[in-house]
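Notes to accompany the following structure.
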Number of protein chains: 2
Amino acid sequence: MSLQERKERERAGRERLIVATAREIAEGQGWDAVTTRRLAERIEYSQPVLYSHFRGKREIIGAVALEGATEMAAAVRGAASGANGPRERVAALARAYLDFAERNPAVYDAMFQLDGGLTFAREDTPEPLKDAFAALLESLGEVAGDGVHPGLFTETFWAALHGLATLTRAGRLPPEHTEIRVELLVDRLAIA
Amino acid sequence: MSLQERKERERAGRERLIVATAREIAEGQGWDAVTTRRLAERIEYSQPVLYSHFRGKREIIGAVALEGATEMAAAVRGAASGANGPRERVAALARAYLDFAERNPAVYDAMFQLDGGLTFAREDTPEPLKDAFAALLESLGEVAGDGVHPGLFTETFWAALHGLATLTRAGRLPPEHTEIRVELLVDRLAIA
DNA sequence: CTTGGTTGTCTAGCGGTGCTAGGATCCAAT
DNA sequence: ATTGGATCCTAGCACCGCTAGACAACCAAG
């Protein structure tokens, strides 16, 4: 069945191409510029081909989000592993998180701002999303403090980071003192 | 010049009607349902009339955002004034903030998620936005702690609240333990 | 009382969007 | 060589934000 295998390989390759191209356009010109026409043209196929891979634009956003979640998990783990002691680990994690959001704004939006048709915080949540949260939990759980549920603490800390990331990028917060805000957050929230 | 005054009054009234109707549709069916056609139909005028009041849809969103900012400032001040002691004031403020976001999701989106063409954190920032931030600062500045700039502390605390509000409403955080998360935030961040 | 210009509003339409029905093309199996 | 199925494209739908140009209602000047 080599023929069928080859076709499936090609199909999978084209799907990756769609996702990568969508991401590329979004990072370059924003998600508004990711139209099905433009996307189709860039991959050199007609629009309906997109719909043989994804139900619609929302699912393409979702695919980019999953890709981003995997990368973010790796970035967070990488930063945490290079730091000594719980407090420094958390600080490194926070910086890595915000750095990821700043360097990949479109991907970050796909994950947390836009509707990618994904379910969060449930059993049927896709693995990459669970793993990204797990990556946060691994370092943050250590500094939750006595009597505080690690998962709940992670959620709260994450929310704070998310707020900083989104408000800063949307121009709601001046970007100058990000580092001070992060230190404030780490110093007060984390119990070393 | 009574005639001209009457015309201006009518014009102002229609402008309020546009903003109120936009808000109504948005709260009921989301901002995506606020189309210029639907909005025009609801106010019983044709589309171009909208453009004689606002440059475009973005400015209508901005107008809803300003209205919301005024209300949020009042809600926050009201909650804070009914509490004794800095710590309790901050807790009440946090609850009021999240409550406002939950009860007025479309308005909250207009303020902080969508592009309403507004400038934040600058000299030319519209008064209602500055005042909403000031309302937060009044209570939060008290608990910044020694050596921490009150404005910066307020921004950070606000970001944390914003993160909780948005992640919860977007289904990224389970809504069950909001109260515990708020208490965690207040207990750790606020220095009474 | 009639004109002429201003002001206000509407109809109609432009170029774009996400998405899909139906037809053309190609290739393996008969 | 013919058939049947998979694959892909052309063409189009209903909707979007926005605007040009026609048209009616009004007030001021003659």
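Throughout, protein chains are lettered first and strands after them, A, B, ... in sequence-line order, and every chain is numbered starting at 1.
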I'd like a table of donor-acceptor pairs (distance under 3.5 Å, sequence neighbours excluded) in which one partner is a side-chain atom from residues 113-120 of chain A, with atom names and distances.
| unit_1 | atom_1 | unit_2 | atom_2 | d |
| --- | --- | --- | --- | --- |
| Asp115(A) | OD1 | Gly117(A) | N | 2.9 |
| Asp115(A) | OD2 | Arg58(A) | NH2 | 2.7 |

Side-chain polar contacts of residues 63-79 of chain B - donor-acceptor pairs under 3.5 angstrom, sequence neighbours left out - could you list them?
| unit_1 | atom_1 | unit_2 | atom_2 | d |
| --- | --- | --- | --- | --- |
| Glu67(B) | OE2 | Arg23(B) | NH1 | 2.8 |
| Thr70(B) | OG1 | Leu66(B) | O | 3.2 |
| Glu71(B) | OE1 | Arg23(B) | NH2 | 2.9 |
| Glu71(B) | OE2 | Arg23(B) | NH1 | 2.8 |
| Arg77(B) | NE | Glu138(B) | OE1 | 3.0 |
| Arg77(B) | NE | Glu138(B) | OE2 | 3.2 |
| Arg77(B) | NH1 | Asp131(B) | OD2 | 3.1 |
| Arg77(B) | NH2 | Asp131(B) | OD1 | 3.0 |
| Arg77(B) | NH2 | Glu138(B) | OE2 | 2.9 |

OP1 or OP2 of dT17(C) under 4.0 Å from side-chain N/O of Arg38(A):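 Yes, Arg38(A) has a side-chain N/O under 4.0 Å of OP1/OP2 on dT17(C).
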Are the side chains of [X] and [Y] in touch, meaning some heavy atoms are under 4.5 Å apart?
| X | Y | result |
| --- | --- | --- |
| Arg188(B) | Ile191(A) | yes |
| Leu189(B) | Leu185(A) | yes |
| Phe112(A) | Thr166(A) | no |
| Leu184(A) | Leu152(B) | no |
| Arg42(B) | Glu24(B) | yes |
| Asp187(A) | Arg87(A) | yes |
| Glu102(B) | Pro175(B) | no |
| Glu179(B) | Glu183(B) | yes |

To the nearest angstrom, how far is [X] atom [atom1] from [N] atom [atom2]?
| X | N | atom1 | atom2 | result |
| --- | --- | --- | --- | --- |
| His53(B) | dT19(D) | NE2 | P | 16 Å |
| Glu41(B) | dG17(D) | CD | P | 13 Å |
| Leu114(B) | dG17(D) | CG | C1' | 16 Å |
| Lys57(B) | dG17(D) | NZ | P | 5 Å |
| Leu50(B) | dT9(C) | CG | P | 12 Å |
| Phe54(A) | dT20(C) | CZ | P | 15 Å |
| Tyr51(B) | dC10(C) | OH | P | 15 Å |

Side-chain donor/acceptor of Arg37(A) to base of dG18(C), under 3.5 Å: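 Yes.
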DNA chain C contacts made by residues 19-36 of chain A, counting heavy atoms under 4.0 Å: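 Per residue number, the list reads Val34(A), Thr35(A), Thr36(A).
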Polar side chain donor-acceptor pair, His53(A) to Tyr45(A), under 3.5 angstrom: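 Side chains of His53(A) and Tyr45(A): no pair found under 3.5 Å.
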Nearest atoms (heavy-atom pairs only) where Ala135(B) meets Leu93(B):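 Minimum heavy-atom contact is O-CD1, 4.3 Å.
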Protein-to-nucleotide contact annotation, 5' to 3' order, nucleotides 5-11 of chain D [B base; S sugar-phosphate only; - none; under 4.0 Å, heavy atom]: ---SBB-
Arg169(A)/Asp109(A) under side-chain contact (heavy atoms from CB on, under 4.5 Å): CA gap, chis, key distance, verdict: CA-CA 11 Å; Arg169(A) 204 158 60 67; Asp109(A) 282 347; 2.5 Å; yes
Involving DNA chain C, stems made of at least three consecutive Watson-Crick or G-U pairs, both distances under 3.5 Å: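 Stems found: C:1-30 with D:1-30.
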Ring centres under 6.0 angstrom apart (Phe153(B), Trp158(B)):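 No; Trp158(B) has its ring centre 6.0 Å or more from that of Phe153(B).
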Residues touching DNA chain D, which here means a heavy atom under 4.0 Å, drawn from residues 59-68 of chain B: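 Contacts with DNA chain D under 4.0 Å: none.
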